[in-house]
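Worksheet: the structure to be examined is printed underneath.
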Amino acid sequence: MLIKTIHNWELPEASATPEDVFWNRRQILQGMGLGAATIGAGALGISDAFGAADPTLDLYPAKRNETYKLDRPITAEKLNLEYNNFYEFGSTKRIAEAAQALPIRPWEIKIDGMVEKEFTIGIDELIRKIGIEERLYRHRCVEAWSMTVPWSGFAMSKLVDLAQPTSAAKFIRMETFHNPEIAPGQKPPLFSWSNKLPWPYVEGVSMAEARNELSFLVTGAYGKPVAKQMGAPLRLALPWKYGFKSIKSIVRFSFTDKQPVSFWETILPNEYGFYANVNPAVNHPRWSQASERVLGTNERVPTLLYNGYHEQVAKLYVNLGLPPHVLYR
Ligand code: MTE
């Protein structure tokens, strides 16, 4: 996520920020305890080390669902393990080592709000109850870089079925864990002049989006349980939306009749909206969305409407009558 200097706090990304501004910013963030984590050898093979102890390891690699095809090669796993946005663990892309502090078992997921009966379920029970498959998806960050990832997990519609929402439910609000003890990014800022960030990370989707065939709850990647820095043990993948909608390390799904206000929308409402559908014709207020840098090759390729998933999702938005700055930001 790319943030400019506003509200006395900021979260940097070098690729869309002039370098001098970026480095200046990083000094501020380091002062706040949000600087880069040092990457050691241990963090680079994380998913292997973690996978050995995972109670669902026997389910991997999951059978690939061939419906979802890519138009470019899969991004190398190593790259994906080392280049992450997970602000709970720092404001740079190098948070892999810091993220290893996240305890992911036991991991309880709460289903509440407008459902027949609220309940809490352990991640392993949830995974075994629903089962998993593999899908190859494109992943386009709002910062204008992209990847292609072999995710494992299950359709979000299956979780909706399990939750049994009432007819009053129109949206699902999701929350990430909140534990400043292990996540340095969630600690209160050191300087009194800097604003407090609205933790925990929150995201939301409409019920129609949640039921769309593409909405995928991720439990694994690259044929094994998903690595902590990529959002273990449960994250979302919404491939037609900018990556910030794909919330990591989810602990709660609340069914509601109110449109949720996300983490980024709370911080920068003029830059990040609820829908955040990929559209090359609608620029971010501070940079173009017309093309993207493919991680690995660094090739710049044109960005596609709905990130190439027009056929599956365009129908969700035709009758909403919303202007582009609402649908595509
Ligand atoms: N979820 C949480 N909880 N915290 C975050 O900082 N970053 C988002 C999203 N989900 C984020 C998050 C952003 S901006 C992106 S682009 C993707 O995660 C990055 O996922 P990746 O690291 O697997 O590429």
Side-chain angles (χ1 to χ4, degrees), residues 1-3 11-13 15-16 29 34 37 43 46-47 74-99 102 104 107 137-153 173-180 182-186 197-205 216-222 225-253 260 262-268 271-273 276 278 284 289 292-296 307 329:
M1 189 66 63
L2 306 121
I3 307 295
L11 303 168
E13 160 52 32
S15 65
L29 286 153
L34 276 172
I46 296 143
S47 67
I74 293 174
T75 303
E77 181 183 11
K78 187 174 185 297
L79 195 58
N80 212 337
L81 287 170
E82 295 176 13
Y83 191 90
N84 304 101
N85 276 337
F86 204 166
Y87 284 95
E88 284 83 341
F89 295 103
S91 60
T92 74
K93 299 287 181 272
R94 307 287 171 190
I95 53 76
E97 188 137 314
L102 179 66
I104 55 171
W107 190 273
Y137 273 180
R138 290 189 282 278
H139 173 39
R140 166 60 157 86
C141 181
V142 75
E143 297 161 352
W145 53 262
S146 65
M147 289 193 191
T148 45
V149 192
W151 298 119
S152 310
R173 179 186 182 279
M174 292 156 285
E175 245 179 55
T176 295
F177 72 89
H178 188 201
N179 186 351
I182 55 102
Q186 292 181 333
L197 298 182
W199 304 112
Y201 198 95
V202 166
E203 259 307 338
V205 289
F216 198 59
L217 280 163
V218 167
T219 62
Y222 297 90
V226 66
K228 293 183 182 185
Q229 62 269 42
M230 290 167 70
L234 187 70
R235 72 169 280 172
L236 192 56
L238 302 170
W240 75 98
K241 290 181 181 287
Y242 292 116
F244 68 89
K245 295 290 299 180
S246 292
I247 180 171
K248 295 179 169 181
S249 305
I250 306 169
V251 293
R252 185 173 176 193
F253 295 85
S262 75
F263 180 82
W264 291 109
E265 214 179 339
T266 308
I267 299 167
L268 288 167
E271 301 196 3
Y272 305 105
V278 175
H284 183 279
Q289 294 292 24
E292 66 209 49
R293 182 172 59 91
V294 179
L295 291 189
N307 201 21
R329 183 169 294 162

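The first residue in the sequence is number 1, and the count goes up from there. Order of appearance sets the numbers: ligands from 1, and atoms from 1 within every ligand.
- In this structure a side-chain-to-backbone donor-acceptor pair under 3.5 Å is present from Thr75 to Thr148.
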Would you sort out whether Leu234 and Phe253 count as a side-chain contact (heavy atoms from CB on, under 4.5 Å), showing the intermediate values? CA-CA 12 Å; Leu234 187 70; Phe253 295 85; 3.9 Å; yes
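- If you check which protein heavy atom lies closest to atom 6 (O) of ligand 1, you get Tyr87 N, 2.8 Å.
- With a 4.5 Å cut-off on side-chain heavy atoms, Phe216 and Pro239 do not count as touching.
- With Trp264 as reference, Tyr201 is the one residue of Tyr272, Tyr201, Tyr242 to meet the side-chain hydrogen bond (donor to acceptor under 3.5 Å, both in side chains) rule.
- The N/O atoms of Arg235, backbone and side chain alike, include one that comes under 3.5 Å of an N/O atom in ligand 1.
- Residue Met174 forms a side-chain contact (heavy atoms from CB on, under 4.5 Å) with just one option from Val251, Val202, Leu236, and that option is Leu236.
- No N or O atom of Trp151 sits closer than 3.5 Å to an N or O atom of ligand 1.
- Checking only distances, Trp145 never comes within under 3.5 Å of ligand 1, N or O to N or O.
- Between the side chains of Asn85 and Lys93, a donor-acceptor pair is found at a separation under 3.5 Å.
- Put simply, part of Ser246 is less than 4.0 Å from ligand 1, judged by heavy atoms.
- A heavy-atom distance below 4.5 Å is not found between the side chains of Phe263 and Phe244.
- Remark: ligand 1 and Gln229 share no N or O pair separated by less than 3.5 Å (distance only, no angle test).
- For the side-chain contact (heavy atoms from CB on, under 4.5 Å) with Asn307, the qualifying choice from His139, Arg138, Lys241 is Arg138, the only one to do so.
- For His139, the heavy-atom gap to ligand 1 drops under 4.0 angstrom.
- In terms of protein heavy-atom proximity, atom 21 (P) of ligand 1 is closest to Lys248 NZ, 3.5 Å.
- Nearest-residue assignment for atom 7 (N) of ligand 1 (options Asn80, Leu79, Leu295, Asn85; heavy-atom criterion): Asn85.
- For atom 17 (C) of ligand 1, the nearest protein heavy atom (residue, atom name, distance) is Gly243 O, 3.6 Å.
- The shortest contact between atom 4 (N) of ligand 1 and any protein heavy atom is with Glu88 OE1, 2.9 Å.
- Here the heavy atom of the protein found nearest to atom 5 (C) of ligand 1 is Tyr201 CE1, 3.4 Å.
- Assignment of Glu203 to the shell around ligand 1 is not supported, since no heavy atom sits closer than 4.0 Å.
- Residue-to-ligand polar distances keep Trp264 apart from ligand 1: every N/O pair is separated by 3.5 Å or more.
- Gln289 and Arg140 form a side-chain donor-acceptor contact under 3.5 Å, judged by distance and modelled atom types alone.
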